[in-house]
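Everything below concerns the one structure shown next.
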Amino acid sequence: ISPVNDVSPKEQTHISYESLIRKIMVKLPKAAIVELFMTLQTGESAQEEEKKIAEYYKIPYVSYRDEIFSKIEAGEYTWEDIETDEVHPNDRGHGILAGLIQEVVEVALKGEKNALFTNELPEKALFGADYVEGKLIEMQDLKIIEEKGFEKTVETYRTINTGYKAVEGANEYYLSCEVEGKNVFLLYVKGIEKERGTIDIKVNGKEVNALDTSFEGGWGDYPETYPLFASEEKAKVTVEIKMDVKEQANMLNILGFLVS
């Protein structure tokens, strides 16, 4: 099952989703893939965009979005009846999901073939396959150039074993490291705490952006990515991360880098 991002994707999301599909097809050629379209409460979804990928690769798909909004419109239930917040289904919502997936599985078990759904791998990508060989580089495997106000974490976050976190009460927060690749993304924790800081990033000496790591008022912490570098050729990239010292906003967790 390959669920779609909740919101309409930007270019990197198109490419990352297609790269994942292609990687599964290459590495696990006998795997059965089903695309699953989810949604936000507003109806915002990546369904229309990612449906194009499903059709291009002849992958079956099911739409939780279409199913629930048709039933909500018919008055069978409300959003609050099936969801825990603006995006996550509750037990009843997951039951609806399971039913949609079960229908696809039952058809497959009958051995019925459909020319529209043959999981074919075209030679060329539809949007792009830049991240097919993508991998996670954890902080312990990076070349750290300089660090001030950061320390290695010992606890595992989700499935990520190591990272760096800002030390409470430090006089300065600065971290620089070197990573190599054609495409480089920062992986960090987007957290609900109001103490989460804003960082300034430089890539090869050039300012990239100010990045707010706070998700205050959201449904929970999660690992978030941020694009730093893209090139046709592999290159060594120096990344500098600086956070201003503030009394109430010095919480920061850097998990590593996604590189392809």
Side-chain angles (χ1 to χ4, degrees), residues 1-40 44-66 87-89 94 97-98 100-101 104-105 108 114 116-138 141 156-161 163 179-190 220-234 237 255-260:
I1 301 298
S2 187
V4 174
N5 299 59
D6 309 313
V7 295
S8 301
K10 299 179 181 178
E11 181 181 357
Q12 287 94 349
T13 310
H14 274 316
I15 296 173
S16 64
Y17 192 78
E18 184 173 8
S19 295
L20 176 60
I21 294 293
R22 291 185 72 91
K23 187 169 187 175
I24 293 172
M25 291 179 126
V26 171
K27 302 291 186 182
L28 302 169
K30 294 184 179 180
I33 305 173
V34 179
E35 288 197 17
L36 177 60
F37 303 136
M38 303 301 290
T39 185
L40 291 171
E44 187 177 6
S45 168
Q47 175 171 318
E48 295 307 314
E49 296 89 343
E50 305 303 355
K51 184 179 177 181
K52 296 176 183 176
I53 294 176
E55 292 173 343
Y56 186 70
Y57 290 90
K58 296 187 177 181
I59 294 171
Y61 54 84
V62 293
S63 176
Y64 177 75
R65 176 177 181 262
D66 291 351
V87 65
H88 295 104
H94 278 105
L97 269 175
L100 294 173
I101 297 168
V104 177
V105 173
N114 188 325
L116 296 176
F117 306 130
T118 54
N119 283 28
E120 295 183 2
L121 180 62
E123 183 177 347
K124 294 183 178 180
L126 179 62
F127 296 109
D130 300 10
Y131 313 138
V132 167
E133 300 301 325
K135 60 182 179 180
L136 167 65
I137 300 180
E138 296 187 11
D141 300 319
T156 298
Y157 184 83
R158 305 291 177 89
T159 58
I160 301 169
N161 296 319
V179 61
E180 186 174 7
K182 292 181 180 180
N183 303 282
V184 179
F185 288 74
L186 175 68
L187 183 65
Y188 66 98
V189 175
K190 192 84 168 176
D221 296 351
Y222 66 97
E224 176 67 288
T225 60
Y226 188 81
L228 298 178
F229 178 81
S231 173
E232 294 294 327
E233 302 294 332
K234 180 183 282 190
V237 180
L255 301 174
F257 292 85
L258 300 178
V259 176
S260 65

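In what follows, every heavy atom counts, from backbone to side chain, and hydrogens, waters and symmetry copies are set aside. What you see is a predicted model, and the numbers here were worked out from it, not measured in a lab.
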So, taking the atom named CG in Leu258 and the one named OG1 in Thr225, what distance separates them when rounded to the nearest 0.5 Å? 6.5 Å
When rounded to the nearest 0.5 angstrom, what distance separates CD in Glu233 from NZ in Lys182? 6.5 Å
From Glu120, Glu35, Lys52, Met25, residue fulfilling side-chain contact (heavy atoms from CB on, under 4.5 Å) relative to Tyr57: Met25
Atom CG in Leu136, atom CG in Leu187: separation rounded to 0.5 Å? 6.0 Å
Is a donor on one side and an acceptor on the other found under 3.5 Å between the side chain of Ser260 and the backbone of Glu133? no
Which atom pair, heavy atoms only, marks the closest approach of Glu18 to Phe127? OE1-N, 2.7 Å
Going through the distances and angles, do Leu36 and Leu97 end up as a side-chain contact (heavy atoms from CB on, under 4.5 Å)? CA-CA 9 Å; Leu36 177 60; Leu97 269 175; 3.6 Å; yes
Identified side-chain contact (heavy atoms from CB on, under 4.5 Å) counterpart of Val179 within the set Leu186, Ile137, Leu228, Asp141: Ile137
Heavy atoms only: give me the nearest Leu100-Ser63 pair and the separation to one decimal. CD1-O, 4.0 Å
Contacts of Val105 that satisfy side chain to side chain contact (heavy atoms under 4.5 Å, CB included) - sequence neighbours left out: Ile101, Leu109
Is a donor on one side and an acceptor on the other found under 3.5 Å between the side chain of Arg22 and the backbone of Gly128? no
Identify, with sequence neighbours excluded, every residue that meets side chain to side chain contact (heavy atoms under 4.5 Å, CB included) alongside Lys190. Tyr188, Phe215, Tyr222, Glu224
Glu138 side chain vs Gly256 backbone, donor-acceptor pair below 3.5 Å: no
Heavy atoms only: give me the nearest Tyr61-Lys51 pair and the separation to one decimal. OH-CE, 3.0 Å
Hey, what do you get for CZ (Phe185) to OH (Tyr226), rounding to the nearest 0.5 Å? 11.0 Å
Nearest 0.5 Å please: distance from the OG atom of Ser19 over to the NE2 atom of His14. 12.5 Å
What one should report as the nearest heavy-atom pair of His94 and Pro89 is CE1-O, 3.1 Å
Test your reading of the model: is there a side-chain donor-acceptor pair from Glu50 to the backbone of Tyr17, 3.5 Å cut-off? no
Once you round to the nearest 0.5 Å, how far does CD1 of Ile33 lie from CG of Leu20? 8.0 Å
What is the minimum heavy-atom distance between Ser16 and Tyr131, and which atoms define it? CA-CD1, 3.4 Å
Minimum heavy-atom distance between Val87 and Thr39, given as atom pair plus value: CG2-O, 3.8 Å
